[in-house]
2 protein chains.
Amino acid sequence: MNFQQLRSVREAARRGFNLTEVANTLHTSQPGVSRQIRELEDELGIEIFVRAGKRLTGLTPPGGTVLPIIESILQGAGNLQRAGREFARQDTGTLSIAATHSQARYALPPAVQEFRQRFPEVQLRLHQGSPRQVAEMLLSGEADIGIATEAIEQYDGLVALPCYRWTHCVVAPAGHPVLEGPLTLERLAREPLITYDHGFTGRRRIDAAFEDAGLAAQVVLAAMDADVIKAYVELGMGVGLVASIAFDPERDLALRGVDAGALFGINVTQLAIKRGSFLRGYTYAFIESFAPGLDAQAVDRAMADA
Amino acid sequence: MNFQQLRSVREAARRGFNLTEVANTLHTSQPGVSRQIRELEDELGIEIFVRAGKRLTGLTPPGGTVLPIIESILQGAGNLQRAGREFARQDTGTLSIAATHSQARYALPPAVQEFRQRFPEVQLRLHQGSPRQVAEMLLSGEADIGIATEAIEQYDGLVALPCYRWTHCVVAPAGHPVLEGPLTLERLAREPLITYDHGFTGRRRIDAAFEDAGLAAQVVLAAMDADVIKAYVELGMGVGLVASIAFDPERDLALRGVDAGALFGINVTQLAIKRGSFLRGYTYAFIESFAPGLDAQAVDRAMADA
DNA sequence: TATCCTTACGGAATTCGTAAGCATG
DNA sequence: CATGCTTACGAATTCCGTAAGGATA
């Protein structure tokens with residue numbers, strides 16, 4: 001048993017059982033991969049993959065139980081190397097953050113700036129994606145830290161840490177009638193609305209609020225980020241619902257915003273890491289800077305109790 | 001990075017940093033081990049071991065953080081092979097049980113007998129030891145299942161499952177005065193007592209009971225197992241306190257027993273496994289047979305929530 | 001027929017054990 | 001001076017990539 005065999009199996013499962021592709025990602029030859037997998041299967045005495053003729057098409061039942069074990073071993077190997085680097089070169093390395101648009105655009109910049117100043121030798125990578133993509137990037141090891149409001153708590157393999165609370169706000173062009181008089185769900189239901197897509201930035205809460213009130217909101221445009229929403233609100237297409245952090249009176253001069261926390265409730269942005277990861281010292285530092293309530297100890301504790 | 005390197009490091013830490021000894025247990029040459037360790041240290045860029053001149057004497061701080069990671073990787077490797085065997089040859093393999101004397105002698109026999117009948121192809125190994133030794137054998141992977149009443153819940157790396165409850169009983173030669181009249185702590189404190197050693201079979205509860213009552217018991221002989229205790233009780237050295245399961249009226253003809261659960265409380269025998277172990281099908285079967293209240297699902301659940 | 005996996009083969013790199021060297025208690 | 005780790009070296013093994021073969025959509 002060796003690590004190359006395990007990597008081959010894991011990558012084969014990830015890349016849809018295409019060994020040619022696996023060979024490319026592992027920077028080796030395709031027959032090599034084929035052999036690695038066969039050798040491991042021989043040693044374990046089981047077939048991991050279903051073969052239709054000469055093609056791999058899926059996991060066998062033994063393969064299904066064995067694959068998570070393989071992934072945990074390889075996670076350990078990754079942890080080992082990270083731990084090595086931690087001691088060898090304290091303040092150099094890479095920090096890979098996956099975040100949704102809202103977070104990347106509005107919440108992260110201060111923490112990122114502070115981090116770059118404090119750890120100039122650490123290469124910072126920021127990946128943007130949907131909440132699900134953020135979660136997948138964590139699980140695959142592509143990202144060290146994930147930040148999102150949605151979806152992230154549902155993954156067993158991740159540890160979610162609450163960072164900060166935020167509310168939505170209603171934005172409309174200056175002088176728009178919705179800005180006058182009390183803000184209610186009934187009032188909003190009469191306007192064409194522009195807000196986030198399903199699965200993004202608290203859209204769930206917005207839908208739930210209208211549904212609970214027995215109202216049908218008319219969402220005329222669903223976008224993945226606040227900048228798009230604000231642009232169409234400026235064009236007069238409707239009233240916008242965005243995260244409060246995304247509205248800046250000094251920048252969005254043509255718009256006016258009204259907090260709508262009372263209508264749509266409070267959202268909690270989560271910072272997530274993969275369970276069982278070894279975290280670099282600077283990773284803890286970033287977490288502390290982004291979510292001042294969290295410290296290394298709190299992170300470790302959250303990771304410890306599954 | 002390869003498994004032989006990791007094994008060398010783990011074994012070096014276990015065997016008191018004596019590489020010659022490590023080489024023997026790993027069935028390889030001593031220079032080989034030396035090289036494996038150096039190579040891993042080079043690759044990780046850290047020193048794992050403290051070297052006094054040419055001798056290894058301890059773990060460095062990096063070594064301290066790296067060693068648990070290495071152990072988790074190797075546990076994964078063990079799980080992988082066990083999973084392989086599980087599918088390759090369903091009902092063959094080895095089941096290694098570590099138990100204290102009380103358990104091995106009085107509680108295990110029926111389950112062992114049933115197991116041997118049902119899985120004749122599985123080689124059963126029974127190791128006897130103190131509760132701490134039982135725990136250590138589980139942690140080191142020498143044993144798959146551990147059974148004891150004491151100590152086992154205190155290990156973080158183990159999952160303890162309550163199996164059954166039992167009480168102590170007082171044993172004395174037939175006709176002994178302690179057998180007449182009500183049984184109280186005061187009465188017992190007036191007798192020379194023979195019972196278990198510290199750390200064995202509920203001795204803690206016995207001490208606690210006397211202490212809570214403000215009494216000083218005279219333990220004239222502390223043994224590690226009930227057979228020794230009973231032998232000296234038969235010789236008239238004193239009154240015995242043993243686990244009820246260890247007293248059999250049909251076999252111990254010269255003795256009489258009186259339950260003392262009211263005096264010393266109820267003990268719970270724990271079955272323990274190492275956290276994160278892959279368990280063979282027959283291992284689950286043994287657990288179910290030994291503790292009919294437990295099934296595979298219950299075991300998995302207990303292991304899942306840390 | 002194009003894609004994709006397996007088998008075959010030969011050169012290169014790695015691995016490992018023996019023997020010798022050296023430091024320490 | 002006995003124990004224990006390191007270095008040196010050569011043989012054996014293993015590893016891996018190229019090239020050819022065969023099966024499937």
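Proteins come first, then strands; the chains are lettered A, B, ... in the order of their sequence lines, and each starts at number 1.
Phosphate proximity of C:dC5 to A:T20: present, with a side-chain N or O under 4.0 Å from OP1 or OP2. The phosphate of D:dT3 (OP1 or OP2) has no side-chain N or O of B:N18 nearer than 4.0 angstrom.
Atom OG1 of residue A:T60 and atom CD of residue A:E41 lie 7.5 Å apart, to the nearest 0.5 angstrom. In this structure, CE in B:M1 is found 12.5 Å from CG in A:N2, a value given to the nearest 0.5 Å. Atom-to-atom distance recorded for A:E11:CD and A:T25:OG1 is 4.5 Å, nearest 0.5 angstrom.
C:dC5 atom C1' lies 18 Å from atom CZ of A:R15, rounded to whole Å. What separates CZ of B:R7 from C1' of C:dT15 is a distance of 14 Å, to the nearest Å. When the P atom of C:dC4 is taken as reference, atom CZ of A:F49 falls 16 Å away, rounded to whole Å. One atom, CD1 of A:I37, and another, C1' of C:dC4, lie 13 Å apart when rounded to the nearest Å. As rounded to whole Å, 15 Å separates atom C1' of C:dT7 from atom CG of A:L19. One atom, CZ of A:R51, and another, P of C:dT3, lie 22 Å apart when rounded to the nearest Å.
Of the possible polar contacts, none joining the A:D197 side chain to the A:F200 backbone as a donor-acceptor pair under 3.5 Å is found. Within the 3.5 Å criterion, the main-chain N or O of B:E71 finds no donor-acceptor partner in the side chain of B:R10.
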Name the pairs: protein N/O against N/O of nucleotides 22-25 of chain D, kept only if under 3.5 Å.
| from | atom 1 | to | atom 2 | distance (Å) |
| --- | --- | --- | --- | --- |
| D:dT24 | O2 | A:R55 | NH2 | 3.1 |

I'd like a list of close polar pairs between nucleotides 13-20 of chain D and the protein, N/O only, cut-off under 3.5 Å.
| from | atom 1 | to | atom 2 | distance (Å) |
| --- | --- | --- | --- | --- |
| D:dC16 | OP2 | A:Q36 | NE2 | 3.1 |
| D:dG17 | OP1 | A:T28 | OG1 | 3.3 |
| D:dG17 | OP2 | A:T28 | OG1 | 2.9 |
| D:dG17 | OP2 | A:S29 | N | 3.3 |
| D:dG17 | OP2 | A:S29 | OG | 2.9 |
| D:dG17 | N7 | A:R35 | NH2 | 3.4 |
| D:dG17 | O6 | A:R35 | NH1 | 3.1 |

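Note: B:Y282 and B:F115 have perpendicular aromatic rings, judged against thresholds of 30 and 60 degrees for the angle between ring planes.
Using modelled atom types and a 3.5 Å distance limit, the side chains of B:D225 and B:Y196 yield no donor-acceptor pair.
B:F17 comes within 4.0 angstrom of the backbone, heavy atoms only, and of no base.
Taking both residues in full, the closest heavy atoms of B:I37 and B:A12 are given as CD1-CB, 4.1 Å, listed atom of the first, atom of the second, then distance.
For B:F3 and A:F3, the ring centers sit closer than 6.0 Å to each other.
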